[in-house]
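We count ligands from 1, going down the list as the structure has it; atoms in each ligand are counted the same way. In this chain, residues are counted from 1 in sequence order.
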Amino acid sequence: MSVLIKGGRILTAADDYVGDVYVEGERISLIGESLEIQADKVIDAAGKYVLPGCVDPHTHLDMPFGGTVTIDDVESGQTAAAFGGTTCHVDFIIQPPGSSFAEAVDDWRGKANGKQVIDMGYHMAVTDLREGGTLQELASLPDDGITSYKLFMAYKGALMVDDETLFRTMEVAAETGALVMVHAENGDAIDVLVKKALAEGHTEPHWHALTRPPETEGEATNRAIQLARVADCPLYVVHVSCREAVEPIQLAREKGWDVWGETCTQYFFVDYTFLERPNFEGAKYVYTPPPRAKENQDVLWNAVRTDKLSVISTDHCAFLWDGQKTMGRDDFSKIPNGGPGLENRLQMIHEFGVRGGRISLNRMVELLCTNPAKLFGLYPRKGTIAVGSDADIVVFDPEKKVTISAQTQHSKTDYNLYEGTKVTGSPEVVLLRGQVLVEGDELVAEPGIGQFVKRAKFGEELKPAPTVAA
Ligand code: URP
Ligand code: ZN
Ligand code: ZN
C-alpha cells in the first residue's frame, strides 16, 4: 500500500513548509515539492496541516482503581485516541501488590491483545518491591521495551510507595537506562487531611481539592527531584498542576539536571470552582492532583511555552459519572479519581494554545508529539515527519468547526470535561503506519491493527523497524 499526501502544510517541532509526503508500506519514504509519483491512495491536503501522529505518554485503560475499573478498555480508549489524532500512547501497568512484574506484564498484554487500534507501549508502576517484584526483575524490564518506572507518592493504602521503594527504584533506573516517573504528592499528609475533613462531616466533592493543597504537590516534587539527584537517575514528573510544582522543576532544569515535567490538558481549562458544581456534578472533576485555583492556568501556559514543562498528556482515566463517580456521593474520598481526555487534547491545545496565541504550531507539535516520543524511547519512529519514520500522520483541517460533546465522543464515559466547547480545527484523516485509521467520522481500520512497541532505553533512539519481506 502506498499513500501520497499532496500539498499540505507539513509541521514538525522544527519545520513548517508546504510539500508532499509519500508513504510506502509502513514508513515515510519521500518528502518533496510537487512529487510526480503513482500511489494507491492520494490525499489532497491543500489548506490542511500535516502533523505527526500525537503521542500520549500518560493513560490508564482497563485499570482497576478506586474500587472499580476504568470504563475505557484498550479498544474504546484507543478508538477515542485515534479520532483525536493520537496514534501511539504509553499506558501504565500497575503491579498488583504481592505480584511479580512478569505476572503484571502478562495480565496487561492480555487485556490489549486483539483490541489494539493504535500503537502502544507500557510503563511499569512499581507498588511493592518486598512481597512481589524483585529488583532483578525490575532491572530486566527495559530489555523488554518497558523503559520507564512509575512511582505513586500518594494514594496511601493503595498504590503509594514509601521513600525507600522510590529511592531503590531510582537506583535501579540509574543502572538500567529507565526513566523514573513520579506522581508527586505527599500521600501521608493528604491522608491526615482527608481523615480530618471526613471526621468534621465534610463529604462533598470539593473537599477532594481542599485536602490536597498545592504545597503537598510542591513538597513531593522537590523530594523526588532531590532523591533522583542522589540516585543519579533521570526524572519525569507527571501531571503537574500548580506553581508550587512548576518552581522546583524550573530550578532543577536551570541547574541542568535531568528533570522534566508534564502537565495535562484539563489543568489549563478546569479550575477549583468546577468541583463546587451542584447536584454532585463536581465529582466529574475529581482527579488527582485536583483542579487548582484559576491563576495556575497562566503559570502552566507560561511553563509549556518556555520549556519549564515539556509535555502535555491527558492522564485519561475515565469513569462513568453515573454508577462509578457516584460511589462517592456520601464521601468524596470514595469518588474514583480520574477524568477522560484522550480524544480532545489536540483540538483543545490547538484552539486555546495556538489559536489563542499562547504557543506556536511548532511548539504544539513538540509538546504533543516530539517530546513525548523522545523522552519515552519512541523517537524518531514516532513523534515526527521524516523519511524513515513510521507513517503515523494526521491530516488536520484547521478550519473545521467542532462542538465538543459526550454525545459524539468515542470514549465509553458519559460526560466530557470540555462539554460544549467550540473549537476550530480537527483531525480529518489519521494514518497509522501507512494505513488509514480514521477518515472523517469513520474508523476505517479494524481493532488489531495496533502494535506493542518495544521502546528504546532513556536517551537512545528507536530505529525504524526492519522491513518485513513480502
Ligand atoms: O486522578 C487521576 N489522575 N487518576 C489516574 C491515576 C493517576 O494518579 O494518574
Ligand atoms: Zn497520578
Ligand atoms: Zn495518571
Point to revise | Angular separation of NE2 (H60) and NE2 (H58) seen from the Zn ion (ligand 3), to 10° | key: 110°
Review point. With the Zn ion (ligand 2) as the point of reference, which N/O/S atom of H183 is the closest?
Key: ND1
Practice item. Under 4.0 Å from a heavy atom of Y287: give me the atoms of ligand 1 that qualify, with their elements. Key: 1 (O)
Revision key, fill the gap. Numbered in order shown, the ligand 1 atoms found under 4.0 Å of a heavy atom of F152 are 7 (C), 8 (O)
**Study point:** Polar contact flag, side-chain donor to acceptor under 3.5 angstrom, R345-T314
**Key:** no
Point to revise | Atoms in ligand 1 flagged as close to N337, the criterion being non-hydrogen separation under 4.0 Å | key: 1 (O), 2 (C), 4 (N)
Review point. Is the shortest distance from a Lys or Arg side-chain nitrogen in R433 or D392 to a carboxylate oxygen in the other one below 4.0 Å?
Key: no
Review point. Looking at F376 versus H123, is the centre-to-centre ring distance below 6.0 Å?
Key: yes
**Study point:** ligand 1 to D315 polar contact by distance, N or O atoms, under 3.5 Å
**Key:** yes
Practice item. Using a strict cut-off of 4.0 Å, indicate which atoms of ligand 1 neighbour a heavy atom of T288. Key: 1 (O), 2 (C), 3 (N)
**Study point:** Over 12 foreign heavy atoms within 6.0 Å of CD, E419
**Key:** yes
Check your understanding: Do you know which N/O/S atom name in D315 is closest to the Zn ion (ligand 3)?
Key -> OD1
Review point. Do ligand 1 and G338 have nitrogen or oxygen atoms that lie under 3.5 Å from each other?
Key: yes
Exercise for review: Decide yes or no on side chain to side chain donor-acceptor pair (under 3.5 Å) for E343 and H410, but give the supporting numbers first.
Suggested key: CA-CA 8 Å; E343 192 160 348; H410 297 85; 2.8 Å; yes
**Study point:** Polar atom proximity, H60 to ligand 1 (N or O, under 3.5 Å)
**Key:** yes
